Structures are given as C-alpha cells and as structure tokens.
**Student:** 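Pasting a structure below so you can have a look.
Predicted, not measured: the structure shown is a model, and the values here were computed from it. Lettering of chains follows the sequences in order, A, B, ..., and the numbering in each one begins at 1.
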2 protein chains.
Amino acid sequence: MMGLPIHDPRQNQILAALPARDYARLVGELERVTLVPGTLLHAPGAPFEFAYFPTTAIVALILANDSGASAELAMTGKDGLVGIPLVLGGVSTRFAMTVQSGGEAWRLPAEVMCRERDRGGSLQRLSLCYAEALMTQMAHSIVCNRHHLVDRQLCRWLLSSLDLLPGNQVDVTQEVIAHMLGVRREAVTEAAGKLQAEGLIRYRRGHITVNDRAGLEARACECYRAVRAECDRLFEAQAASKCSSINCTLDTPRNSLMPRR
Amino acid sequence: MMGLPIHDPRQNQILAALPARDYARLVGELERVTLVPGTLLHAPGAPFEFAYFPTTAIVALILANDSGASAELAMTGKDGLVGIPLVLGGVSTRFAMTVQSGGEAWRLPAEVMCRERDRGGSLQRLSLCYAEALMTQMAHSIVCNRHHLVDRQLCRWLLSSLDLLPGNQVDVTQEVIAHMLGVRREAVTEAAGKLQAEGLIRYRRGHITVNDRAGLEARACECYRAVRAECDRLFEAQAASKCSSINCTLDTPRNSLMPRR
DNA sequence: CGGCTTATGTGCCCTGACGTACAGACCGCC
DNA sequence: GGCGGTCTGTACGTCAGGGCACATAAGCCG
C-alpha cells in the first residue's frame with residue numbers, strides 16, 4: 001500500500017498478481033466505483049453486469065432462502081473479486097452480494113470477464129484460485145456454524161473483516177453482524193459485551209475498535225487460522241505455478257494482506 | 001440408464017455431456033474402479049492422483065478441523081466429479097473425501113485432468129459448472145445448519161442421497177449420518193424415529209428404505225428443492241451455452257447500485 | 001436544546017440439541 | 001444355535017440460543 005497512488009487497482013490482490021502484459025490490456029477497461037455500505041451489489045438470480053475488484057471495500061456473499069432464513073457465505077475484499085459465477089460459467093447465481101463495509105472498488109464489465117475467461121489467461125487462473133478460496137471460507141463456515149459458540153464466531157468474523165480493512169476498526173452495527181452470522185441481534189450484544197469486558201474490543205453505536213488483535217485471535221475458533229492458512233497456501237501455489245510466464249510483479253508486496261501488527 | 005451397458009462411463013452426467021470428440025479422446029484413459037464404503041478416497045492435504053467420476057457410488061466431501069469438529073460439505077455422485085481442486089488450480093485441498101455409498105466410478109489420472117484443464121475444452125467447462133453446483137450445495141448447508149431442525153435436515157440428506165442412487169434404499173448407519181450432519185447419533189435416531197412413525201421411511205440396522213418420497217420432500221426443508229433447482233439450472237445453462245461460447249447478457253438495467261430495502 | 005430515530009442492554013421463558021449412561025435388539029459368524 | 005460386537009432405543013440433566021417485550025442510551029437534526 002505504500003508505494004502506490006492512493007487509488008490504484010493494484011491494491012487488489014488479484015489485479016496485483018496479473019502479469020504486466022495482462023494488466024496493461026485490462027487497465028483501460030477498469031472503472032473505479034465507490035461502494036456505499038448496505039448497497040445490494042447483486043440481487044439473487046439477476047445476471048451479472050460487472051465483476052468487482054474491491055480495494056478498500058468489503059462485499060458479503062449472502063444466501064437467503066424463501067422462508068427468510070439467511071446467512072453470510074463468505075466475504076470478499078482486496079483479496080479477491082466479486083462475480084465468481086462469471087468465471088465458473090454460470091450466468092447468474094442465487095447468492096446476494098451486499099456491501100458490508102463501504103469503500104472503493106474497481107469493476108470490469110461482464111463481457112470483458114467472459115472474454116478473459118474464454119481466453120484462458122492469468123485472470124482466469126487467478127479467479128479460479130479465488131473460487132477455491134471462497135469454497136474454503138464456506139466450508140469452514142459450515143463446520144463453524146455447527147460446532148462453535150457465537151462469541152468465538154464473532155471473533156472470527158471480526159478478524160476476517162479486519163484483514164481486509166486498513167485500520168483496526170470495523171464499522172457495522174450489531175444488527176448487521178447478527179444478520180451475517182445468522183443469529184439473533186441479542187446474541188451478538190451479549191458476545192460483544194464479553195469481548196469488551198475482556199478488553200479485546202471497544203465499541204460504540206456502529207463502530208467496533210479492536211484493541212487486542214492477538215487476544216482476539218486466541219479467543220477465536222481455529223477456523224480463522226485454518227481459513228487464513230489455506231487461502232495463503234492457495235495463493236502462493238498459484239503464484240508459484242505461474243513460473244511459465246516470468247514473474248514481473250517485482251515491487252508489489254505479495255504479503256500485503258498480512259497486517260499482523 | 002436404460003440403453004446403456006451395465007457399466008458405462010456415460011452413466012456419469014459430466015462424461016455424458018461431453019461432445020463425442022472430447023469423449024473419444026478421454027475414454028481410453030478412463031479406468032473403472034469399485035469404491036468400497038468408508039474408504040478414504042482423498043486425505044486432507046494430500047495431492048490428487050485421480051479425478052473420480054462416480055456412476056453408482058456416492059462420495060462425501062468432509063471438512064474436519066484440528067479439534068475434531070467436522071461436517072459434510074457436499075456429496076458427489078453420478079451428477080459430478082470428485083477432484084474439483086484439480087480444475088480450479090489448487091494442487092491439493094484440506095477437504096477429505098470418503099466413500100459414503102459403495103459402487104462404481106471411473107477415474108482419470110490427475111495429469112490428464114490438468115492437461116484438459118489447460119486445454120480449456122468441454123471437460124473444463126463442465127467441471128467448472130459442477131464447481132458452482134458444489135458451492136450451491138455448500139451455501140445451502142450453511143443456511144440449513146443454522147436454521148433448520150435436525151429431522152428436516154435428515155430428510156434433505158436422504159433425498160439428496162436418493163437422487164444419486166438407483167433404488168429407493170440408502171445403506172448407511174445412523175452413526176454415519178450423524179457424522180455427516182455433524183450432530184449426535186442419538187439425534188439421528190430420534191429424527192429417524194419420527195420419520196418412520198410418520199410412515200415416510202423404514203429402517204433396519206444400516207439400511208433405510210424410503211417408502212414415501214413425496215412425503216419426505218414435503219417434510220424436508222426448502223433447501224433440498226432450492227439446491228436441486230439451482231443445480232438443474234446451472235447444468236442446463238451450461239448445456240445451452242455449449243454451442244455459442246460467449247454467453248454474456250448484453251443489455252441489462254444499469255441501476256445496480258440500489259440501497260438495500 | 002429538545003425531540004426522534006436507531007442502536008444497544010436486559011430479562012424472561014422455552015426448546016432443540018448435547019453429554020452421558022445404559023438397555024435392548026439385530027445380525028453375522030463360528 | 002448361541003455368542004459377541006455393533007447398531008439402535010431411551011432417559012436423564014444441562015445449556016446455548018431463539019422469541020419476545022421493553023428499558024435505556026447514543027447520535028442526528030432541526
């Protein structure tokens with residue numbers, strides 16, 4: 001984040017990992033957009049118009065069924081892209097995508113994504129890699145939902161968000177978190193209360209500040225570390241297998257996603 | 001399955017959907033294997049040696065974390081293939097794959113899968129489509145785990161299995177089902193007891209016979225129908241787009257940035 | 001400043017699922 | 001045909017979380 005202009009598409013990990021030639025071909029078609037919290041980026045069943053590459057924003061993938069039951073499946077920030085179904089070949093998806101945390105993103109028209117997909121280049125390879133990262137997130141959510149207490153899940157959620165944000169603050173209401181975790185708002189109030197009592201976080205109406213990140217990690221269920229480790233592994237394996245095309249991203253920090261302060 | 005020989009690779013939906021030319025290229029490399037229930041097809045973290053295309057067998061994708069908590073993520077039978085990470089580019093995966101229901105499958109060496117992937121042909125396209133189906137299964141599991149009672153989840157699980165099996169009988173113990181659903185064995189006993197009392201199923205030590213499929217569907221949570229519908233849609237969309245490679249929707253409403261509610 | 005909206009805190013009862021312990025039943029096998 | 005292991009049934013107490021009903025407080029805006 002340091003040597004880059006304030007708003008550079010390469011703050012996004014996928015775009016940053018593109019070989020220079022591929023990036024050059026695409027950069028002219030990238031459009032910068034500001035994502036407002038709460039915005040519905042993609043309605044269930046609608047066709048995709050754009051693929052989004054967040055830099056400072058976070059987008060939540062949500063599934064809601066007909067009875068109104070819903071849960072967050074995964075979140076995407078600077079580590080990935082929104083619109084995986086475009087890459088997998090499905091025209092649309094029943095998943096909803098909403099802006100969980102406001103910020104900036106770059107977007108590419110769906111036609112361009114399809115073109116790149118059919119071309120079979122780096123963008124496709126990286127996108128498929130991220131698809132696997134998404135599956136990893138979802139898989140751990142299944143286990144986590146089933147076996148772990150709400151306060152631990154809250155830790156995991158906070159840490160995941162934090163990894164995609166610049167500071168140490170997450171700006172969401174407990175109501176929103178409850179919606180994401182698929183639990184009652186009161187359950188979040190209670191869990192957050194515990195964490196605050198333990199000095200790990202501090203919050204005021206719609207803003208949660210993380211005081212003790214290490215403590216939060218210790219308090220979180222192992223799912224957080226597991227997802228993190230697996231996604232790092234996937235991305236590194238991907239980067240390594242790129243060896244055929246010379247690695248030309250010399251000064252893009254590969255570990256820009258590791259705040260680890 | 002009627003006009004086919006007893007053991008034909010084309011009993012598998014993916015292989016069946018391949019254009020004749022592609023199928024002809026692959027058929028010589030397909031090896032038929034018998035999968036024994038309980039076998040660990042793929043250990044977490046191990047590299048893939050084969051991709052499996054079940055015909056009568058069912059393979060369960062399972063994630064277990066370090067603390068021993070685990071849950072089934074999805075099941076694959078004649079509708080798909082086992083080894084999606086090969087197609088997505090990951091070398092391995094933390095998911096375990098075990099044979100849930102014994103039967104036949106055809107397998108392809110990992111190198112061949114990779115070759116086909118890099119070639120970017122029909123097999124890749126179909127595999128990616130199935131990857132999306134897997135994500136759909138997983139997504140609904142997240143919501144379902146969170147919001148639905150065990151007996152309804154059991155209905156869903158039974159129906160999903162049944163869809164991949166030839167008869168109306170599922171050969172598993174309640175213990176195994178409990179492991180898949182991530183609940184206690186006693187919870188399954190109780191749920192199964194209810195279903196039997198309602199005349200929907202009948203079971204004896206390790207064998208469950210479905211008497212009233214329609215009743216079971218009515219009893220299941222909507223997740224079953226939702227997953228089913230979405231997977232059908234995905235596969236049909238894929239089949240349709242097989243002729244014209246580019247299938248982007250060109251003119252769509254531009255006001256995507258609508259605030260939620 | 002005062003009023004209103006929205007976010008958060010608290011309490012109550014209820015239920016579904018867990019942990020544990022054990023009893024009974026089935027089935028394959030010698 | 002009886003034995004033994006496995007699978008299934010039942011019965012506790014315990015508890016996290018859901019549903020509901022309010023109480024309080026924090027920020028916004030005129």
Side-chain angles (χ1 to χ4, degrees), chain A residues 37-38 65 67-71 100-101 141-158 169-198 201-209 219 221, chain B residues 37-38 67-71 100-101 141-158 169-198 201-209 219 221 259-261:
Chain A
N65 67 16
S67 325
S70 75
Q100 178 189 106
S101 184
S141 289
I142 293 176
V143 176
C144 200
N145 270 2
R146 184 53 93 185
H147 299 285
H148 298 149
L149 302 184
V150 170
D151 47 359
R152 306 207 131 200
Q153 293 188 47
L154 175 58
C155 293
R156 177 163 95 91
W157 191 90
L158 285 173
Q169 182 167 323
V170 186
D171 296 323
V172 283
T173 66
Q174 299 183 351
E175 183 93 45
V176 169
I177 298 180
H179 192 237
M180 295 299 174
L181 296 182
V183 299
R184 286 181 318 152
R185 196 263 313 156
E186 290 90 332
V188 174
T189 301
E190 193 174 359
K194 285 189 205 171
L195 300 185
Q196 177 157 255
E198 295 172 29
I201 64 172
R202 204 172 62 80
Y203 58 87
R204 356 171 281 284
R205 286 175 79 84
H207 308 275
I208 300 184
T209 308
R219 191 80 164 64
C221 51
Chain B
S67 324
S70 74
Q100 177 188 106
S101 186
S141 289
I142 294 176
V143 176
C144 200
N145 270 2
R146 185 53 93 186
H147 298 285
H148 297 149
L149 303 184
V150 171
D151 47 359
R152 304 207 133 199
Q153 293 188 47
L154 175 58
C155 293
R156 177 162 95 91
W157 190 90
L158 286 173
Q169 182 167 324
V170 186
D171 295 323
V172 283
T173 66
Q174 297 183 354
E175 183 93 46
V176 169
I177 298 180
H179 192 237
M180 295 299 174
L181 296 182
V183 299
R184 287 182 318 154
R185 196 265 313 157
E186 290 89 334
V188 175
T189 301
E190 194 174 359
K194 285 189 204 170
L195 300 184
Q196 177 157 254
E198 295 172 29
I201 64 172
R202 203 171 62 80
Y203 57 89
R204 1 172 277 286
R205 284 175 81 81
H207 308 275
I208 300 184
T209 308
R219 191 80 165 63
C221 51
R260 187 175 47 177
R261 281 154 219 264

**Student:** Base, sugar-phosphate, or nothing: which does Gly206(B) touch, judged by heavy atoms less than 4.0 Å apart?
**Tutor:**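 Result for Gly206(B) = sugar-phosphate.
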**Student:** Could you go through the side chain to side chain contact (heavy atoms under 4.5 Å, CB included) check for Cys155(B) and His148(B) one step at a time?
**Tutor:** CA-CA 11 Å; Cys155(B) 293; His148(B) 297 149; over 6 Å; no
**Student:** Taking atom C1' of dT6(D) as reference, at what distance in whole Å does atom NE2 of His179(B) sit?
**Tutor:**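 Interatomic distance, NE2 of His179(B) to C1' of dT6(D): 17 Å.
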**Student:** In terms of side-chain heavy atoms of Gln174(B), which of dC18(C), dT8(D), dG18(D) is nearest?
**Tutor:**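 Shortest atom-to-atom distance from the side chain points to dT8(D).
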**Student:** Grab the NE2-P distance between His207(B) and dA25(C) for me, whole Å please.
**Tutor:**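 From His207(B) NE2 to dA25(C) P: 19 Å.
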**Student:** Would you kindly give the CG-to-P distance between Leu149(A) and dG19(C), to the nearest whole Å?
**Tutor:**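 Taking atom P of dG19(C) as the reference, CG of Leu149(A) is at 11 Å.
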**Student:** Would Ile177(A) and Val170(A) satisfy side chain to side chain contact (heavy atoms under 4.5 Å, CB included), going step by step from the backbone distance to the final call?
**Tutor:** CA-CA 11 Å; Ile177(A) 298 180; Val170(A) 186; over 6 Å; no
**Student:** Nearest whole Å is fine: how far is dG28(C) P from Asp171(B) CG?
**Tutor:**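 Roughly 12 Å, once rounded to whole Å.
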**Student:** Rounded to whole Å, please give me the gap between CG in Leu154(B) and P in dT8(D).
**Tutor:**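 These atoms are roughly 12 Å apart.
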**Student:** Over how many whole Å does the gap from Leu181(B) atom CG to dG16(C) atom P extend?
**Tutor:**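 In whole Å, dG16(C) P and Leu181(B) CG are 17 Å from each other.
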**Student:** Please state whether the base of dG18(D) and the side chain of Arg184(A) form at least one donor-acceptor pair under 3.5 Å?
**Tutor:**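 A donor-acceptor contact between them is present.
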**Student:** Take atom CG of Asn145(A) and atom P of dG17(D), then tell me their distance rounded to the nearest Å.
**Tutor:**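 For the pair Asn145(A) CG and dG17(D) P, the rounded distance is 11 Å.
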**Student:** Has the side chain of Arg146(B) got a donor or acceptor atom that lies under 3.5 Å from a matching backbone atom of Leu181(A)?
**Tutor:**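 Between the backbone of Leu181(A) and the side chain of Arg146(B) there is a qualifying donor-acceptor contact (under 3.5 Å).
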**Student:** Name the nucleic acid region contacted by Glu186(B), choosing base, sugar-phosphate or nothing; use a 4.0 angstrom heavy-atom cut-off, strictly under.
**Tutor:**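 Base contact - Glu186(B) has a heavy atom under 4.0 Å of at least one base atom.
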**Student:** Over how many whole Å does the gap from Lys194(A) atom NZ to dG9(C) atom C1' extend?
**Tutor:**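 Whole-Å distance recorded here is 15 Å.
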**Student:** State, with a plain yes or no, whether a side-chain heavy atom of Arg219(A) is found less than 4.5 Å away from one of Asp151(A).
**Tutor:**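 Of all side-chain heavy-atom pairs linking Asp151(A) with Arg219(A), at least one is under 4.5 Å.
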**Student:** Any side-chain to backbone donor/acceptor pair from Gln169(B) onto His207(B)? Under 3.5 Å, distance only.
**Tutor:**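 Looks like no, no N/O pair under 3.5 Å.
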**Student:** Report yes or no: is there a donor-acceptor pair, N or O only, under 3.5 Å between the side chain of Arg185(A) and the base of dG18(D)?
**Tutor:**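 No.
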**Student:** Please determine, for the side chain of Arg205(A), which listed nucleotide (dC27(C), dT6(C), dG9(D)) has the closest atom?
**Tutor:**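 It is dT6(C).
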**Student:** Are any of Tyr203(B)'s side-chain N or O atoms less than 4.0 Å away from OP1 or OP2 of dC26(C)?
**Tutor:**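 Answer no for this pair, as no side-chain N or O of Tyr203(B) is under 4.0 Å from OP1 or OP2.
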**Student:** Closest to the Val183(B) side chain: dC7(D), dC18(C), dT8(C)?
**Tutor:**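 Shortest atom-to-atom distance from the side chain points to dC18(C).
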